[in-house]
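Heads up, the thing below is written out as structure tokens.
Along the sequence shown, residues are numbered consecutively beginning with 1.
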Amino acid sequence: YGAKEVALLYVGPYFVVNAWLVLYTWLQHTHPDMPHFGDAEWTWLRGALSTIDRPYPWIVDELHHHIGTTHVCHHVFHELPHYHAVEA
């Protein structure tokens, strides 16, 4: 294998997946209505409750184990297994 094959089979997919995960994470943690806390105001619970549950199409929810639609639950109950998040 040469540099071209490595770029096509590893580097390209790496950037695509990385961009997807950064976008997905950004969507779960930003919204115009979400407050930004200073050091004196921030607490763990305020931070956990300041995330966003976003509805996604069925296939996206399945591929991401419903982390987008159960995101606040994921932050508040971080030890809860992802496969119990929907029922929680």
Side-chain angles (χ1 to χ4, degrees):
Y1 294 102
K4 182 180 176 184
E5 287 81 9
V6 170
L8 289 173
L9 298 174
Y10 180 77
V11 176
Y14 175 83
F15 281 119
V16 170
V17 170
N18 200 357
W20 173 258
L21 291 176
V22 166
L23 174 65
Y24 201 83
T25 303
W26 177 76
L27 287 171
Q28 299 309 317
H29 296 96
T30 58
H31 189 276
D33 295 337
M34 277 295 121
H36 290 259
F37 301 109
D39 290 340
E41 302 168 310
W42 189 89
T43 64
W44 176 85
L45 186 58
R46 277 188 173 179
L49 294 174
S50 295
T51 59
I52 308 294
D53 284 341
R54 295 190 185 270
Y56 289 101
W58 171 83
I59 190 66
V60 175
D61 267 346
E62 289 296 315
L63 291 173
H64 288 273
H65 304 288
H66 298 275
I67 193 67
T69 53
T70 61
H71 200 75
V72 175
C73 179
H74 157 76
H75 276 274
V76 174
F77 305 106
H78 59 276
E79 293 180 1
L80 179 72
H82 68 83
Y83 46 85
H84 288 305
V86 173
E87 64 187 85

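- Counting only distance, with no hydrogens or angles, the side chain of Q28 and the backbone of T25 share no donor-acceptor pair below 3.5 Å.
- What you find for L9 and P13 is that their closest heavy atoms are O-CG, 3.7 Å.
- For H82 and H74, the side-chain atoms include no donor-acceptor pair closer than 3.5 Å.
- Following chains of ILVMFWY side-chain contacts shorter than 4.5 Å, one cannot reach V72 starting from I67, and the two form parts of different hydrophobic clusters.
- Under the 4.5 Å side-chain heavy-atom criterion for Ile, Leu, Val, Met, Phe, Trp and Tyr, F77 and L45 are members of the same hydrophobic cluster.
- Every residue two or more places apart in sequence or in another chain that forms a side-chain contact (heavy atoms from CB on, under 4.5 Å) with V86 is listed here: H66, T70.
- Hydrophobic clustering (side-chain heavy atoms under 4.5 Å, transitive across Ile, Leu, Val, Met, Phe, Trp, Tyr) groups L63 together with Y24.
- In this structure, I59 is not a member of the same hydrophobic cluster as V16, with clusters built from ILVMFWY side-chain heavy atoms closer than 4.5 Å.
- Contact record, L49 with V76: CD2-CG2, 3.7 Å, taken as the closest heavy-atom pair.
- Nearest approach of C73 to A85, heavy atoms of both residues: SG-O, 4.4 Å.
- The two residues E41 and H36 have their closest heavy-atom pair at OE1-O, 4.3 Å.
- In the hydrophobic cluster analysis, where Ile, Leu, Val, Met, Phe, Trp and Tyr join through side-chain heavy atoms closer than 4.5 angstrom, L80 is grouped apart from Y83.
- The backbone N or O of L27 lies less than 3.5 Å from a partner atom in the side chain of R54, making a donor-acceptor pair.
- One distance of note links CH2 of W44 with NE2 of H75; it measures 9.5 Å at 0.5 Å rounding.
- Counting only distance, with no hydrogens or angles, the side chain of H64 and the backbone of V60 share no donor-acceptor pair below 3.5 Å.
- Put simply, CG on D61 and CH2 on W58 are 10.0 Å apart, with the number rounded to the nearest 0.5 Å.
- Contact record, F37 with S50: CE1-OG, 3.4 Å, taken as the closest heavy-atom pair.
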